[in-house]
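The structure appears below as C-alpha cells.
Throughout, residue positions are numbered sequentially from 1 according to the sequence presented. Computation of the quantities below employed the complete heavy-atom set of this structure, encompassing side-chain atoms and omitting hydrogens, waters and symmetry-equivalent molecules. Note that the structure is predicted; figures quoted are calculated from it, not measured.
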Amino acid sequence: ALRSTGDSIELIALELRTRDAEIKASGQYQPKTLGGKGQLSLTAPGIQLQTKGELRPNTGSGQLALTASDMQQALRWLRVLPGLAAPLETAAATGRGQLTVGWQGGWRDPQLSASLKVPTLDWGPTPSAATAASSQLRLRDVQASLNGRLSQMQVTAKGRADIGTRRLSLELGAEGGSQAKPLSSWQAIVKQLKVSVEDPALGAGAWRLEAQRPFNLKGATDLIEVGAGQASLTAPTTKNSDRSAAPSQALLAWQPTRWQADQVVSAGSLKGLPLAWMELLLGPQISSAGWVGNLLFDGEWDVVLGPTLKLNAQLARSSGDLSVLAESADGTPARVAAGIREARISVNTSSSEGTALTAQLRWDSARAGMAEGQLRTQLRRTSTGEANKQDGPTIGGWTWPADAALSGQLKAQLPRLGAWSVLAPPGWRLRGSLATDMAISGSRSAPQFKGNLQADDLALRSVVDGFEFGHGRLRASVDGTRLR
C-alpha cells in the first residue's frame, strides 16, 4: 500500500508474483529533504536483483547486487514484459555476469564501490537475421571497478570484445572526478592504457597501442582536453618485415589536444613507424609488389580545425631500406636493395584562413628510381546549412569541393622493377621502366594532364583472368584527358 504521512511518501509493501517471477519492494521518500530509504528484490528466470539502502543529501549507505546467471533465460522473460517484445524480437543472448554496488554517504558525494564481472556474454541478432555474423558482440573476461568518491575515484577496466570478425582488447587504469557542483566539469589521470586490435581486413596478428606514461584528461559541457603524453605502437610481424630484427615499436607523442565547440587543436610526432603500418594504409598492393625491408618512417603534425584551418603534416624515411624485385641483364628475376636516399610526403596549408592546400612527394633512391611531385588546390569551409550537401571529402567542417582548382607537376624516372605492381589492380602483376614529366591542372572532378609518358619492357599479367602481355613499349603524350 502507498500512503502519505506528513512530509513522507511511504510504500508499505509491494509484492507481485507471476508463474516464474517475483518482485518485492518497500520504501519511504521525503520530497523536502530529497532523501529516502527502501529495499527491492526481483527473482526471475536467469536474473536476480537485490538492493537495500538509505540515501540523503549528506548521509546514506546501501548495497545493490544484480546477477544474470543465464542471459538466454533472462531475455526470454524480458520479452513478455509490456513494451519490450518488439525491441527484443530479433535479439539473441547467452552468457552470464554480475554487478555489485555499495555506497556510504550522501548523494552529493558518496563513497562508491562498484564491480562488474562478465566472464562471457554473446549478444546480437538471432541466427536467422541476415546481419547476425557481422554484428554479433562477444564479451570475454570483462572486469571493471569504481572505487572512491565522485570527487576522486579510481577506475579500472579490462577485457575482450569481439564484433563480427574484429577483436578488441583493453586494459585501463585511471583516477579522477569532479569538484564542481553540479557535476558540470571533471578531470582525470590515465595511469594505464593498453589497446589491442585484430581485424582480418588488416591482415593477421594484433595491432597494439600502449601508453608509456600517465596523461591528463579534462572535460566540461563543451570542452575535452587531453594532456601531453606518449604511447608505443606495435605492428604484427608480416611477410614484408625484416624477421631478423626484433618487432619494431613506433613511438607516438602528442602535445595537449583540445576539442572545444567547433574547434580541434592537435600536434605531435611519430618516430620509427615500420613498413607494416604503410601496408595498413595502402592495402595489400604492398605485398603484391614484393616490398621487403626494415624501412622506418618519422612523422609529425600540427593541426587546427575550426573557423580557420591550419594543417602541417609530413611523413619521411628516418632509417632502413627496402629490397625490391628487379631483373638481371638476362631478364631473370632478382631482388636488389633500393638504396633509398629520401622518401617524403607532406601536406601544408597556407593563406590567412588556411584555404590553400599543397601536397608534396619526393622519392630518391640508388636503384629504385626517383619521383618528385607537387599538387596545389583549395579547400572550402562548410557552413551549417551545407552540412548535408557535401560535394567532396570533408573533415572538421572543411570540404575539398568538386570544382576546386588543381595545379601541379609530377616528374618520375623509375627503372625496370616488379615493384610497380602496387599501381595495378589486386591480383595483377606489373613490371617495366617508366619515365614521365607531367603538368596537372583542371579541377578535382575533372583533372587535366599535359606532358610526356615513356615506358619500356612493359609486362602485365593476371593468372586469374588468363591475361599476359610482355615486351611492351610506350611513347605517348598526354593532353587534357587524351593519350596520343
Side-chain angles (χ1 to χ4, degrees), residues 7-12 14 23-43 47-69 96-119 121 139 141-159 161 170-195 211 213-227 229:
D7 295 333
S8 298
I9 300 174
E10 185 175 0
L11 177 64
I12 298 176
L14 171 67
I23 183 170
K24 296 180 180 179
S26 64
Q28 188 181 80
Y29 176 61
Q30 291 86 38
K32 289 185 177 181
T33 61
L34 299 178
K37 61 181 180 179
Q39 58 185 9
L40 171 69
S41 67
L42 166 68
T43 302
I47 190 170
Q48 286 187 327
L49 171 65
Q50 299 283 339
T51 182
K52 181 178 180 180
E54 179 179 358
L55 193 58
R56 304 183 188 281
N58 298 307
T59 61
S61 65
Q63 293 183 338
L64 178 148
L66 173 63
T67 301
S69 56
R96 54 193 173 88
Q98 184 178 37
L99 171 68
T100 60
V101 179
W103 69 91
Q104 292 285 337
W107 51 259
R108 287 198 173 105
D109 192 13
Q111 178 80 25
L112 294 176
S113 176
S115 173
L116 173 67
K117 296 180 180 180
V118 182
L121 174 63
L139 301 181
D141 302 321
V142 173
Q143 298 182 39
S145 67
L146 297 173
N147 290 283
R149 296 189 178 276
L150 296 180
S151 57
Q152 188 65 32
M153 183 171 292
Q154 289 75 46
V155 180
T156 64
K158 66 177 182 178
L170 171 70
E171 290 187 39
L172 172 68
E175 65 177 42
S178 175
Q179 302 286 347
K181 301 292 187 292
L183 304 178
S184 57
S185 64
W186 53 270
Q187 59 183 8
I189 300 176
V190 178
K191 295 186 172 182
Q192 180 188 32
L193 177 63
K194 295 182 181 180
V195 179
R213 66 181 187 223
F215 60 92
N216 296 323
L217 290 176
K218 293 181 180 179
T221 304
D222 62 348
L223 170 68
I224 296 178
E225 290 185 358
V226 180

Does a side-chain heavy-atom distance below 4.5 Å link [X] with [Y]?
X: Leu150; Y: Pro110; answer: yes
X: Leu116; Y: Leu146; answer: no
X: Thr67; Y: Thr100; answer: no
X: Val195; Y: Leu172; answer: no

Where [X] and [Y] come nearest, the two heavy atoms and their spacing:
X: Gly97; Y: Pro119; result: CA-CD, 4.3 Å
X: Asp7; Y: Pro31; result: O-CD, 3.2 Å
X: Val190; Y: Ala174; result: CA-CB, 4.0 Å

[X] side, atom [atom1]; [Y] side, atom [atom2] - distance, nearest 0.5 Å:
X: Ser8; Y: Tyr29; atom1: OG; atom2: OH; result: 10.5 Å
X: Leu66; Y: Ile47; atom1: CG; atom2: CD1; result: 5.0 Å
X: Ser69; Y: Gln98; atom1: OG; atom2: CD; result: 10.5 Å
X: Trp186; Y: Lys218; atom1: CH2; atom2: NZ; result: 11.0 Å
X: Leu99; Y: Leu49; atom1: CG; atom2: CG; result: 9.5 Å
X: Leu217; Y: Ile224; atom1: CG; atom2: CD1; result: 8.5 Å

Tell me, please, which residues at least two apart from [X] pass side-chain contact (heavy atoms from CB on, under 4.5 Å).
X: Glu171; value: Lys158, Gln192, Lys194
X: Ser113; value: Asn147
X: Ile189; value: Lys191, Pro214, Asn216
X: Ser26; value: Gln39

Worksheet item: Around Gln154, counting heavy atoms of other residues, nucleotides and ligands shown, do more than 12 lie under 6.0 Å from its CD?
Response: yes
Discussion item. Applying side chain to side chain donor-acceptor pair (under 3.5 Å), can you list everything that pairs with Ser145, at least two apart in sequence or on another chain?
Written reply: Thr156
Under 3.5 Å donor-acceptor pairs involving side-chain atoms of residues 52-59, not counting sequence neighbours:
from: Glu54; atom 1: OE2; to: Arg56; atom 2: NE; distance (Å): 2.7
from: Glu54; atom 1: OE2; to: Arg56; atom 2: NH2; distance (Å): 3.2
from: Arg56; atom 1: NH1; to: Gln30; atom 2: OE1; distance (Å): 2.6
from: Asn58; atom 1: OD1; to: Arg108; atom 2: NH1; distance (Å): 3.4

Worksheet item: Is a side-chain donor or acceptor of Ser178 paired with a backbone partner of Ser185 at a separation under 3.5 angstrom?
Response: yes
Discussion item. Listing request: all salt bridge (Lys or Arg N to Asp or Glu O under 4.0 Å) pairs with a residue in residues 142-155, at least two apart in sequence or in separate chains.
Written reply: none
Discussion item. Going by salt bridge (charged side-chain N to carboxylate O under 4.0 Å, His left out), name the residues that satisfy it together with Asp222, two or more places apart in sequence or in a different chain.
Written reply: none
